[in-house]
Amino acid sequence: MDTNKIISDIKGKKLLPVYLLHGEESYGIDLVSDCIETTVLDDAQKGFDQTVLYGKDTDFTTIVGAAKRYPMMSDYQVIIVKEAQNLKWKEDELLLAYLENPMKSTVLVIAYKYGKFDKRRKIYKVAEKAGAVLESPKLYDDKVAPWITNYVKDRGWGIHPQAAAMMAEYLGTDLSKVVNELDKLMLNVPKEQEISVQDIERNIGISKDFNVFELTTALAKKDAVKAFRIVDYFGANPRSNPMPVVLGAIGGYFTKVLKYHYLTDRSPQAVARELGVHPFFTREYDIAARSFNRRKTFDIMAHLREYDLKSKGLNAVNLEQGDLLKELIYKILY
């Protein structure tokens with residue numbers, strides 16, 4: 001069952017006795033758990049019929065004991081077990097027995113974060129039969145920008161592809177963090193106006209002129225002056241542009257350039273599909289492939305591995321981030 005369907009059912013009061021929420025991405029888990037916590041009962045009922053427990057501070061005896069109670073002021077009582085991954089799951093017999101015949105008046109939420117629940121365990125299959133199981137998988141790096149685009153679109157906004165890509169690169173795959181920044185943007189940008197790179201700069205603090213996208217574009221065009229100006233800025237602002245983020249972005253970019261070299265169909269649609277990028281960016285990969293042939297691209301990947309090690313202190317004693325980046329950019333360009 002997917003997140004939207006579960007939330008739609010919850011808001012429509014189509015409640016199930018158990019919700020097992022698990023996975024590496026906590027955003028989807030929190031979304032469903034928070035929906036149940038805030039919408040099933042009103043504020044007056046919550047004091048009597050809603051219990052929130054934490055995995056490290058509770059056990060299965062307490063959970064099952066709470067789940068077996070009858071509601072006092074509502075048709076349902078809600079039991080939410082947060083951080084359930086901290087429970088002693090080898091001692092789950094009581095919960096297993098309860099889930100085989102759960103109380104129809106209890107809504108039990110088990111929020112198991114930062115990893116997948118073991119699907120081989122009997123309790124997983126029983127929970128699936130008794131209620132709903134949601135797996136919230138970690139989003140891969142190349143899927144974050146499309147996710148951002150869809151998130152704002154679903155809420156009636158639009159976002160420029162470069163702005164979505166910039167946010168994805170700097171905020172990473174932590175969707176809770178991404179959503180927090182997107183909600184902030186949507187408060188400050190009118191619905192009829194597309195969210196732009198300038199909006200990102202004003203509201204989130206990512207520079208529109210000195211960022212990894214401008215750097216990779218400068219490299220693709222072999223614009224040495226601009227590339228060195230950007231890495232000078234990175235060196236002066238290491239906290240805003242940490243070395244792992246910069247190296248990761250350059251590495252991801254040239255991995256796509258290398259893949260581009262092996263494509264037989266280089267139409268914009270095929271390139272966008274194969275590289276996992278928005279069609280807006282496909283022309284830039286053509287430019288980069290012309291600037292760096294296949295052999296040079298392999299050399300660049302080797303340089304990136306070398307400077308990743310140097311950034312961690314190997315064979316680079318007393319070298320600042322800015323100096324390492326300048327060396328790397330020189331080797332890429334020349």
Side-chain angles (χ1 to χ4, degrees), residues 1-137 154 175-176:
M1 195 175 287
D2 65 50
T3 307
N4 292 335
K5 175 68 166 65
I6 290 175
I7 289 176
S8 175
D9 285 350
I10 291 166
K11 289 181 176 178
K13 299 298 182 183
K14 297 176 184 176
L15 301 170
L16 297 170
V18 61
Y19 294 86
L20 173 57
L21 317 172
H22 70 111
E24 295 171 294
E25 173 50 61
S26 62
Y27 174 72
I29 295 170
D30 288 338
L31 208 60
V32 174
S33 177
D34 291 348
C35 180
I36 292 172
E37 188 172 354
T38 57
T39 64
V40 173
L41 303 177
D42 63 32
D43 288 340
Q45 293 167 338
K46 286 176 186 177
F48 296 93
D49 293 324
Q50 185 158 289
T51 304
V52 178
L53 303 168
Y54 289 84
K56 67 178 181 179
D57 300 321
T58 192
D59 54 34
F60 291 111
T61 302
T62 303
I63 294 167
V64 171
K68 285 184 173 180
R69 291 197 303 259
Y70 286 95
M72 296 174 63
M73 303 291 289
S74 170
D75 293 333
Y76 295 97
Q77 71 145 342
V78 175
I79 311 293
I80 301 172
V81 186
K82 299 187 176 185
E83 310 289 347
Q85 70 278 3
N86 294 320
L87 285 163
K88 295 177 181 177
W89 284 96
K90 291 182 179 178
E91 304 168 7
D92 65 2
E93 296 87 355
L94 272 176
L95 181 62
L96 178 61
Y98 171 79
L99 293 181
E100 286 175 336
N101 187 26
M103 296 276 289
K104 301 300 182 187
S105 57
T106 293
V107 178
L108 174 60
V109 181
I110 301 169
Y112 186 105
K113 288 185 173 181
Y114 314 121
K116 296 179 182 180
F117 196 91
D118 188 346
K119 297 178 183 179
R120 298 168 298 180
R121 297 181 68 85
K122 185 178 179 182
I123 197 165
Y124 180 91
K125 296 176 177 62
V126 172
E128 204 169 30
K129 185 178 179 181
V133 174
L134 171 72
E135 181 177 344
S136 183
D154 289 346
L175 294 185
S176 297

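Note that the numbering runs from 1 along the sequence shown for the chain.
- In this structure, Y124 has its ring center no closer than 6.0 Å to that of W89.
- Contact check on K46 versus D43 returns a salt bridge, with a Lys/Arg side-chain nitrogen under 4.0 Å from an Asp/Glu carboxylate oxygen.
- Contact record, S33 with L21: N-CD1, 3.9 Å, taken as the closest heavy-atom pair.
- Between the side chain of S8 and the backbone N or O of N4, no donor-acceptor pair lies under 3.5 Å.
- Between D9 and K5 there is a side-chain heavy-atom pair separated by less than 4.5 Å.
- At distances below 3.5 Å, not a single donor-acceptor pair connects side-chain atoms of S26 with backbone N or O atoms of K113.
- The backbone N or O of P71 lies less than 3.5 Å from no partner atom in the side chain of D49, so there is not a single donor-acceptor pair.
- Surrounding NZ of K125 are more than 12 heavy atoms belonging to other residues, nucleotides or ligands, all under 6.0 Å away.
- The side-chain heavy atoms of K82 and L53, taken from C-beta on, include no pair separated by under 4.5 Å.
- Counting heavy-atom neighbours within 6.0 Å of K90 NZ, excluding the residue itself, gives a total of 12 or less.
- In this structure, the ring pair (Phe, Tyr, Trp, His ring centres under 6.0 Å) partners of Y27, at least two apart in sequence or on a different chain, are W147.
- A donor-acceptor pair under 3.5 Å is absent between the side-chain atoms of T58 and the main chain of Y54, judged by distance alone.
- Judged as a ring pair (Phe, Tyr, Trp, His ring centres under 6.0 Å), and not counting sequence neighbours, F48 has no contacts.
- Side chain of Q50 to backbone of E37: a donor-acceptor contact under 3.5 angstrom is found.
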Using distance only, find each side-chain donor-acceptor pair of residues 91-111 under 3.5 Å and give its atom names and separation, not counting sequence neighbours.
unit_1, atom_1, unit_2, atom_2, d
D92, OD2, R121, NH2, 2.9
Y98, OH, M103, N, 3.1
T106, OG1, A67, O, 2.7
T106, OG1, Q77, NE2, 3.3

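- The closest side-chain heavy-atom distance from Q85 to Y114 is below 4.5 Å.
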